[in-house]
Amino acid sequence: MAKILIVYDSKTGNTEKMAFAVAEGARQVKGVDVVVKKVDQTSLDDLLAADGIIMGSPTYYGQMSAKLKALIDESVKIHGKLEGKVGAAFTSSGGTATGAETTLLSILHTMLVHGMIVQGRADDKHYGAAAVETPDEEELEYCRELGKRTATLVKKLKT
Ligand SMILES: Cc1cc2nc3c(=O)[nH]c(=O)nc-3n(C[C@H](O)[C@H](O)[C@H](O)COP(=O)(O)O)c2cc1C
């Protein structure tokens, strides 16, 4: 069974809503086991056990939150062991063009350093799912689509 881990940080609940929608989308793919965890409840073993890791963070000064970065910095202990896993990202920010893309890229960047596989999207939302504050229905749909697309790729690579 392919395993997808969704790790998120969220102070006021917006990114958390996105995480649940990403999970909903990933669960649409048969033969995939989906786990959702808050960043401070996520261990390095959780990262190692997953075939796909989708990370979500609020946009903080145009980058991921310190809590998510702390997990990534801790992952130096398992550097090299995430190679070949699939990665994806989502974020909630306070506005549009106020740092969402740079936040997504800050997450994807670390995944590339880990040797992970990142799939872009040709048609809109190229770098991942983004919402302004609380995600509306359209933004939640992008989250579901991100989860589904990532799970589909994970399954393809696993077989
Ligand atoms: C420390 C801090 C820094 C922030 N920096 C930005 C920013 O650079 N750009 C932006 O659009 N929103 C910024 N925001 C707003 C949050 O990204 C936004 O409220 C988000 O929806 C919070 O997500 P959450 O409910 O998951 O915590 C910041 C908020 C905080 C607390």
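As the structure lists them, so they are numbered: ligands from 1, and atoms in each ligand from 1. Sequence positions, counted from 1, serve as the residue numbers for this chain.
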- Query: Considering the options T15, T103, T59, which one meets the side-chain hydrogen bond (donor to acceptor under 3.5 Å, both in side chains) requirement together with T91?
  - Reply: T59

- K67 atom NZ: more than 12 heavy-atom contacts under 6.0 Å: no

- Message: In the structure I gave you, are the side-chain heavy atoms of E145 and R121 within less than 4.5 Å of one another anywhere?
- Response: yes

- Query: Which pairs with one or both residues in residues 17-29 pass side-chain hydrogen bond (donor to acceptor under 3.5 Å, both in side chains), sequence neighbours excluded?
  - Reply: E24-R144

- With sequence neighbours left out, the residues meeting salt bridge (Lys or Arg N to Asp or Glu O under 4.0 Å) with E83 are none

Using atom types as modelled, flag every donor-acceptor pair under 3.5 Å from a side chain in residues 31-39 to any protein atom, sequence neighbours excluded.
| residue | atom | partner | partner atom | Å |
| --- | --- | --- | --- | --- |
| K37 | NZ | D46 | OD1 | 3.4 |
| K37 | NZ | D46 | OD2 | 3.1 |

- Could you name the protein residues that come within less than 4.0 Å of ligand 1, counting only heavy atoms, and order them by chain and residue number? S10, K11, T12, G13, N14, T15, P58, T59, Y60, Y61, G62, S92, S93, G94, G95, T98, E133

